[in-house]
There are 2 protein chains.
Amino acid sequence: MLSVIQTAAPIVTRPPATIALDGLRQSYGPGETIFDEGQRADRVYQLTSGSLRTCRILRDGRRQIEAFHFAGDVFGLEGGETHRVAAQTLGPAQVRVMPRSALEALAHEHADVARRLLALTTDNLRRCQDHVLMLGRRTACERVAALLLDLAERTGADALLDVPMTRQDMADYLGLTIETVSRTFTQFQHDGLIALPTTRKVLLRDRAALEAMVD
Amino acid sequence: MLSVIQTAAPIVTRPPATIALDGLRQSYGPGETIFDEGQRADRVYQLTSGSLRTCRILRDGRRQIEAFHFAGDVFGLEGGETHRVAAQTLGPAQVRVMPRSALEALAHEHADVARRLLALTTDNLRRCQDHVLMLGRRTACERVAALLLDLAERTGADALLDVPMTRQDMADYLGLTIETVSRTFTQFQHDGLIALPTTRKVLLRDRAALEAMVD
DNA sequence: CGGACCCTTGATAGCTTTCAAGTCAGGTGG
DNA sequence: CCACCTGACTTGAAAGCTATCAAGGGTCCG
């Protein structure tokens with residue numbers, strides 16, 4: 001007898017482009033700045049553990065977080081001379097550091113490294129485009145749902161998410177305020193979409209519903 | 001006698017990265033689609049005249065324009081197999097088309113081409129990051145001002161801008177509605193920041209004020 | 001136990017959207 | 001040459017979503 005087994009749809013994610021940066025190890029505490037906006041971009045980094053945010057700040061203090069990064073991610077790559085964003089750890093973190101010139105030399109010699117650099121940049125561009133769509137045309141609920149699903153995917157969590165950032169970080173990533181993020185969380189809770197064992201842990205109770213919000 | 005001459009501050013713009021794509025010419029009428037979202041990304045394009053938009057559309061019809069492109073711009077480059085955005089002309093336009101495989105072969109042989117490809121992608125990423133900051137943390141007025149200044153810079157116009165897109169296009173780029181864009185234009189007019197000889201021409205009367213809004 | 005953050009909740013304000021007419025400009029055809 | 005038509009744009013009134021302002025509650029840690 002044949003039985004139809006309902007399997008969870010496999011998530012078809014392109015394996016993120018990466019490079020193993022073979023540089024010096026360095027450790028940071030929570031909330032430390034790795035580099036600032038405007039600083040010379042003469043080093044390239046790879047996060048080996050922990051997580052961080054990259055952000056820009058307007059004169060009047062408005063802050064926009066460009067991206068969150070997790071273990072394995074390369075960051076600090078710039079086309080120009082200086083960093084366009086600042087990078088700050090969310091918790092304790094370890095990175096590998098390599099002089100930009102060394103990486104460029106490598107890329108010059110090995111076409112493969114050059115190709116990986118392009119792939120990394122393209123990945124970032126893809127993420128950035130999704131971010132634009134989200135900020136331009138999605139509601140607060142949709143944005144929060146998208147962030148939760150993105151976190152789940154990138155940290156490899158199944159249903160119980162460790163949220164390494166504050167509500168303020170989420171708000172500044174999502175183009176919202178801290179209060180709106182908080183209210184959206186409680187609403188999701190009431191609607192049975194998530195549970196909040198602690199403020200920094202999110203249990204996804206109805207992933208399908210969250211995914212339906214995002215598309 | 002020495003005189004201090006107040007010169008306009010030179011605009012320090014990095015010359016945009018470019019490649020001369022040596023492919024077949026092709027012509028399009030106004031509002032024609034060059035490629036659609038989801039279509040196989042097996043060709044690369046360079047705009048030789050005219051202008052176009054790249055955009056994504058959500059199920060329910062919400063549209064987000066990712067970018068506007070002008071003569072000289074390369075577009076249609078993708079990391080993955082398919083186009084993540086659609087490309088549509090704003091008016092009559094001419095492009096050069098090259099098979100993606102040909103460009104990849106070139107990049108494989110000539111490190112210089114590979115480097116330019118990376119530079120192009122990095123440029124796009126930079127623009128995309130600015131777009132994120134704008135959509136996440138700027139007001140309607142600031143967004144419109146930013147768009148006008150960006151248009152002026154990219155089309156090389158001095159004070160009289162030719163606006164190739166509709167108000168709806170601007171709205172969908174800026175994450176606003178057509179009404180808000182229109183109202184912002186009339187407000188700028190009342191405040192003496194711009195004049196509107198026709199709906200598709202904008203005269204920048206107080207560029208400094210506009211720049212102050214953007215930062 | 002106190003303090004410092006971080007988070008949540010409530011009430012109100014405001015910017016932008018939505019809904020609804022109008023106006024304008026360019027192109028077509030009589 | 002002018003009436004007409006259509007798409008684009010502008011304007012007004014009202015609603016709504018999110019921000020702002022203001023407390024209050026939790027939790028971790030010294």
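Side-chain atoms of T180(A) lie closest to dT18(D) of the nucleotides dT9(C), dT18(C), dT18(D). Listed candidates were dT18(D), dT10(D), dT9(C). Nearest to the side chain of L176(A) is dT18(D). Relative to the side chain of R200(B), the nucleotides dT10(D), dC9(D), dA11(C) differ in distance, and dC9(D) lies closest.
Protein atom CD of E179(B) is 10 Å distant from nucleotide atom C1' of dA20(C), rounded to whole Å. Between the CG atom of L196(B) and the P atom of dT10(D) there is a distance of 7 Å, rounded to whole Å. Rounded to whole Å, the distance from NZ on K201(B) to C1' on dA8(D) is 17 Å. Here dT8(C) presents its P atom at 8 Å from CD1 of I178(A), a figure rounded to the nearest Å. Atom CD in Q187(A) sits roughly 11 Å away from atom P in dC17(D) (whole-Å rounding). Nucleotide dC6(C) holds its C1' atom 15 Å from the CG atom of L90(A), rounded to whole Å.
Looking at residues 131-143 of chain B, you'll see that no heavy atom sits under 4.0 Å from any atom of DNA chain D. Remark: T166(A), R167(A) in residues 164-173 of chain A come within less than 4.0 Å of DNA chain C through at least one heavy atom.
Note on T177(A): every side-chain N or O is 4.0 Å or more away from OP1 and OP2 of dT20(D).
A heavy-atom distance below 4.5 Å is found between the side chains of T54(B) and H69(B).
Between F35(B) and H83(B), the angle of the ring planes stays under 30°, which puts this pair in the parallel group of the 30/60° scheme. Using the six-membered ring where Trp is involved, F75(A) and Y45(A) have ring planes that are parallel, under 30° apart on the 30 and 60° scheme.
The residue T199(A) sits close only to the backbone: its heavy atoms come under 4.0 Å of sugar-phosphate atoms, none of a base. Counting non-hydrogen atoms under 4.0 angstrom, G31(B) reaches nothing in the nucleic acid.
A salt bridge is defined here as a Lys NZ or Arg NE, NH1 or NH2 lying under 4.0 Å from an Asp or Glu carboxylate O, and R63(A) with D169(A) meets this definition.
Overall bending of the helix from dC1(C)-dG30(D) to dG30(C)-dC1(D), expressed as the angle between end axes built from five pairs apiece, is 30° (10° steps).
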